[in-house]
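Below is one structure, written out as structure tokens, with a few remarks after it.
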Amino acid sequence: MNHEVISTSIGAVASGAHASDSCCRFCSAPLEHTFLDLGMSPLANSYLKNDAARADEKFFPLRAFVCSECLLVQLEEWETPENIFGDYAYFSSYSDSWLLHAKGYVEAMIARFDLNADKNVVEIASNDGYLLQYFAEHEIPVLGVEPAQNVAAVARARGIPTRVDFFGEKTARTMRREGLRASHMVANNVLAHVPNLNDFVGGISILLDDEGVATLEFPHLMRLFDECQIDTIYHEHFSYFSFLTVQKVFAAHGLTLFDVEEIPTHGGSLRIYAQHDECGIHPVSDRVAALRAKETEAGFGDLKHYMSFEERALETKHQLTEFLVAAKRDGKIVVGYGAPAKGNTLLNYCNVTSGLIEYTVDRNPHKQGHLLPGTHIPIYEPERIGVTKPDYILILPWNLQKEVVDQLDFARSWGAKFIVPIPHPVVIA
């Protein structure tokens, strides 16, 4: 099998992107400390259409650094955002629990910030309209900014106005010239995806109305660390944030984080609330100081704390591999559920192939009929599980454990068991 291995960083050709050249993408300090080296891996969402595509598959180094100055955990930029997100396989609406989360968010924001038809909501990385549809139901003007044309087309078909573009200072200034200021901005699970962090946050500062509020959600580094969520690290996630660090990033662009919530999505995330330093109208919540103290006490203000993660990650790898090998030796059939990006990181790091996991299934028809990147495990429709009746079902989107187990409750009729892989394999009967 001839994989093309990329061993040198590409030039900066993406709008607003830059190759890191081993410098911090926030403060530009040299990156000299490895947080976790996951070896060589393909892009996590680069699903293969057939066996012939294996010959052209590209593998890139997957190594996370931690900046000794600002303590931002980050990857180097090996591929441009255009190549990663231009034609994207992730559609938010295929997760029922994520839709419930989005609807609950909308109701909470309308109530807290008195959003109405006289205001507007702009969502960055709006995907298929999964969230803005709920604001639109309340007759609040909405606009999505989504770089993936194929995903934006789905949103537009739903009646959600969507601008196909990568968001940053240039896009924000263009929107300002067109007369738009955002009363409320949403950016869920996108902050980690932008290689030029300062350009992105600067764009928020430009577009946000004087008394506007921007909320962002992203995986919380403290939860990633404490629960050894190694599969959260993949090429499409350029940065990994503690609250201590993200507060510095927003402060550098004239934005105050006036509130923060710890929420359960994606294995544990933060929702931050930002406003302009000079003209924001909301008081700073006690939760801001409380989370800063919590992270400081846990060691996230000390570089030494970050250096202990790799050994724990290796233990997670060994435990999952040993479990799958033992199941194979015992003649058990193991299949996967889901084809998420995080699952591809985990399987490639653990060197798992179709010899250990026969196939995986996914509700997303855009992934069905493809092969997982790197491992080449085939992706089928969920109904296949009822036909082959496996002994074990490995839940790759383990953060959706309850939703998956409920969907596949019928598998218990023949004694199938579920495996949650992170932070170590747990079997659910």
Side-chain angles (χ1 to χ4, degrees), residues 25-26 35-36 38 44 64-67 70-75 95 97-98 101-102 104-105 108 124-125 186-194 197 200-201 204 214-234 236-251 255-274 284-303 305-310 312-313 316 340-342 345-346 397-402 420-423:
R25 64 173 34 88
F26 168 55
F35 177 70
L36 176 62
L38 291 158
F65 296 88
V66 57
C67 175
C70 67
L71 300 178
L72 176 65
V73 174
Q74 58 199 281
L75 305 182
S95 170
S97 60
W98 188 243
H101 172 75
Y105 166 86
I124 310 305
V186 189
N188 288 347
N189 299 304
V190 60
L191 188 64
H193 288 75
V194 292
L197 185 59
F200 183 84
V201 179
I204 293 175
T215 72
L216 297 90
E217 296 178 10
F218 48 84
H220 189 189
L221 179 64
M222 187 164 73
R223 291 289 296 275
L224 183 159
F225 191 101
D226 291 349
E227 298 170 24
C228 209
Q229 298 173 0
I230 55 176
D231 53 350
T232 302
I233 299 173
Y234 49 89
E236 290 90 329
H237 282 175
F238 294 102
S239 305
Y240 305 82
F241 299 95
S242 67
F243 184 68
L244 293 170
T245 295
V246 80
Q247 194 174 38
K248 295 176 186 175
V249 174
F250 277 72
L255 294 168
T256 296
L257 300 187
F258 67 89
D259 200 2
V260 60
E261 296 175 69
E262 295 179 78
I263 57 178
T265 55
H266 295 285
S269 297
L270 293 182
R271 177 187 292 156
I272 58 173
Y273 295 75
V284 177
S285 166
D286 291 342
R287 290 187 289 204
V288 170
L291 185 54
R292 282 185 57 86
K294 181 179 178 180
E295 288 190 347
T296 301
E297 184 178 355
F300 286 90
D302 184 352
L303 180 64
H305 181 64
Y306 295 80
M307 297 296 97
S308 64
F309 187 68
E310 186 144 27
R312 294 175 54 227
T316 293
K342 63 169 53 193
T345 290
L346 181 66
W398 48 263
N399 52 298
L400 303 177
Q401 172 188 328
K402 184 180 185 306
V420 178
I422 297 293

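Here the structure is a predicted model, which is why all the values come from computation and not from measurement. Throughout, numbering of the chain's residues begins at 1 and tracks the sequence.
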| task | Applying ring-ring contact (aromatic ring centres under 6.0 Å, His included), name anything that partners Phe26, two or more places apart in sequence or on another chain. | result | none
| N/O donor-acceptor pair under 3.5 Å between Arg312 side chain and Asp226 backbone | yes
| request: Determine whether Leu216 and Phe200 make a side-chain contact, defined as any pair of heavy atoms from C-beta on separated by less than 4.5 Å. | output: yes
| field | With Lys294 via salt bridge (charged side-chain N to carboxylate O under 4.0 Å, His left out) - residues at least two apart | value | Glu262
| note | Residue set satisfying side chain to side chain contact (heavy atoms under 4.5 Å, CB included) with Ala102, at least two apart, ordered chain then number -> Tyr130, Leu131, Tyr134
| Backbone of Phe241 reached by a side-chain donor or acceptor of Thr245 within 3.5 Å | no
| note | With sequence neighbours left out, the residues meeting ring-ring contact (aromatic ring centres under 6.0 Å, His included) with His101 are Trp98
| request: With sequence neighbours left out, write down each residue that passes salt bridge (charged side-chain N to carboxylate O under 4.0 Å, His left out) with Glu310, or none if nothing qualifies. | output: none
| field | With Tyr240 via ring-ring contact (aromatic ring centres under 6.0 Å, His included) - residues at least two apart | value | none
| message | Restricting to side chain to side chain contact (heavy atoms under 4.5 Å, CB included), what partner residues turn up for Pro219, sequence neighbours left out? | response | Asn189, Thr232
| remark: With sequence neighbours left out, the residues meeting salt bridge (charged side-chain N to carboxylate O under 4.0 Å, His left out) with Glu295 are none
| task | For residues Ile230 and Phe309, determine if any side-chain heavy atom of one lies less than 4.5 Å from a side-chain heavy atom of the other. | result | yes
| said: Let me confirm one number: the OH-CG distance from Tyr306 to Leu36, rounded to the nearest 0.5 Å. | reply: 14.5 Å
| said: Contact between Thr256 and Phe250 at the side-chain level, heavy atoms closer than 4.5 Å - yes or no? | reply: no
| task | Quick one: list whatever passes side chain to side chain contact (heavy atoms under 4.5 Å, CB included) with Ala290, sequence neighbours left out. | result | none
| note | Rounded to the nearest 0.5 angstrom, the CG-OG1 distance for Asp231 and Thr345 is 7.0 Å
| Who pairs with Asp259 by side chain to side chain contact (heavy atoms under 4.5 Å, CB included), at least two apart in sequence or on another chain? | Arg112, Tyr273, Ser285, Arg287
| field | Residues that Ser239 engages under side-chain hydrogen bond (donor to acceptor under 3.5 Å, both in side chains), provided they are two or more places apart | value | none
| Residues in ring-ring contact (aromatic ring centres under 6.0 Å, His included) contact with Phe243, at least two apart in sequence or another chain | none
